[in-house]
Amino acid sequence: MAKYLAQAIMVGAQVVGRAFTRALREEINASKQAAAKAGGGQAGQQRAAINLKSGITLEEAMQILNVKDIDATKTVQEKYDHLFKVNEKKAGGSFYIQSKVVRAKERIDEELLQKNPTPSAEETSTPPTPPSSSS
């Protein structure tokens, strides 16, 4: 009887071990695919940092605002304005959905800022003119 019990425990341990290793392999592959999709390298790290900071991925933001191209800023703004207005608490909307719309717009704006960095105030300011000497 003890022999059969030991065999059952061994078979169960093998099954659990195989399932664990298979799940671990799948997770590693999914992680590699996600890293490749994020762009890899420095760009991928920046995107991952932005995703972590905003709590939303670019793809999710695009789905929330129902936009296909983030470079169409007019369309993004129109969709944002509409969804924000429709989900106002006074109009019977959902504050939760409204906040998701705001986060989606912020995430898209952050991505556009990363794509097209604007020059800093120091770079755009003109140097002071030297005083004229009148002797």
Side-chain angles (χ1 to χ4, degrees):
M1 180 76 162
K3 178 181 174 184
Y4 296 120
L5 183 61
Q7 284 179 341
I9 291 173
M10 290 297 292
V11 169
Q14 287 176 345
V15 169
V16 169
R18 286 185 190 133
F20 179 75
T21 56
R22 185 180 316 129
L24 187 60
R25 280 191 206 118
E26 288 175 5
E27 183 61 34
I28 290 170
N29 287 336
S31 178
K32 287 179 182 178
Q33 289 174 353
K37 186 177 180 182
Q42 186 67 22
Q45 288 177 354
Q46 286 177 345
R47 181 171 280 180
I50 294 170
N51 288 347
L52 186 61
K53 178 181 155 190
S54 66
I56 188 171
T57 65
L58 180 62
E59 290 78 18
E60 288 174 313
M62 291 171 66
Q63 286 178 347
I64 289 169
L65 292 180
N66 194 25
V67 292
K68 304 236 185 291
D69 181 23
I70 63 169
D71 293 323
T73 54
K74 184 178 179 185
T75 304
V76 171
Q77 187 64 43
E78 288 172 355
K79 298 270 185 161
Y80 167 76
D81 290 338
H82 171 71
L83 290 171
F84 189 85
K85 190 175 188 179
V86 167
N87 288 296
E88 280 186 312
K89 192 78 168 162
K90 294 177 185 175
S94 166
F95 179 73
Y96 174 77
I97 294 175
Q98 193 179 39
S99 66
K100 289 298 253 182
V101 169
V102 170
R103 296 292 164 254
K105 177 73 165 75
E106 288 175 349
R107 178 62 181 92
I108 289 174
D109 289 344
E110 188 70 32
E111 186 71 22
L112 289 173
L113 187 65
Q114 288 292 324
K115 277 178 137 179
N116 306 317
T118 57
S120 66
E122 294 172 355
E123 295 172 356
T124 58
S125 64
T126 58
T129 57
S132 61
S133 60
S134 56
S135 346

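None of the values given here were measured: they were computed from a predicted structure. Numbers here are sequence positions counted from 1.
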Residue pairs involving residues 90-110 (criterion salt bridge (Lys or Arg N to Asp or Glu O under 4.0 Å); sequence neighbours excluded):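 For residues 90-110: R103-E106, K105-D109, R107-E111.
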I need the [X] [atom1] to [Y] [atom2] distance, nearest 0.5 Å.
X: L65; Y: Q77; atom1: CG; atom2: CD; value: 9.5 Å
X: L113; Y: I108; atom1: CG; atom2: CD1; value: 13.5 Å
X: Q63; Y: K68; atom1: CD; atom2: NZ; value: 9.5 Å
X: L24; Y: N29; atom1: CG; atom2: CG; value: 10.0 Å

Mind checking whether [X] and [Y] have side chains closer than 4.5 Å, heavy atoms only?
X: V76; Y: L112; result: no
X: N66; Y: L83; result: no
X: E26; Y: R22; result: yes

Side chain to side chain contact (heavy atoms under 4.5 Å, CB included) between M1 and L5, intermediate numbers included: CA-CA 6 Å; M1 180 76 162; L5 183 61; 5.9 Å; no
More than 12 heavy atoms from other groups under 6.0 Å of CD on E27: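 Open.
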Contact summary for F84 and V101, nearest pair of heavy atoms: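 Scanning both residues, the minimum pair turns out to be N-CG1, 4.2 Å.
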Distance-minimising heavy-atom pair for A61 and A104: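 Smallest interatomic distance, heavy atoms only, reads CB-O, 3.5 Å.
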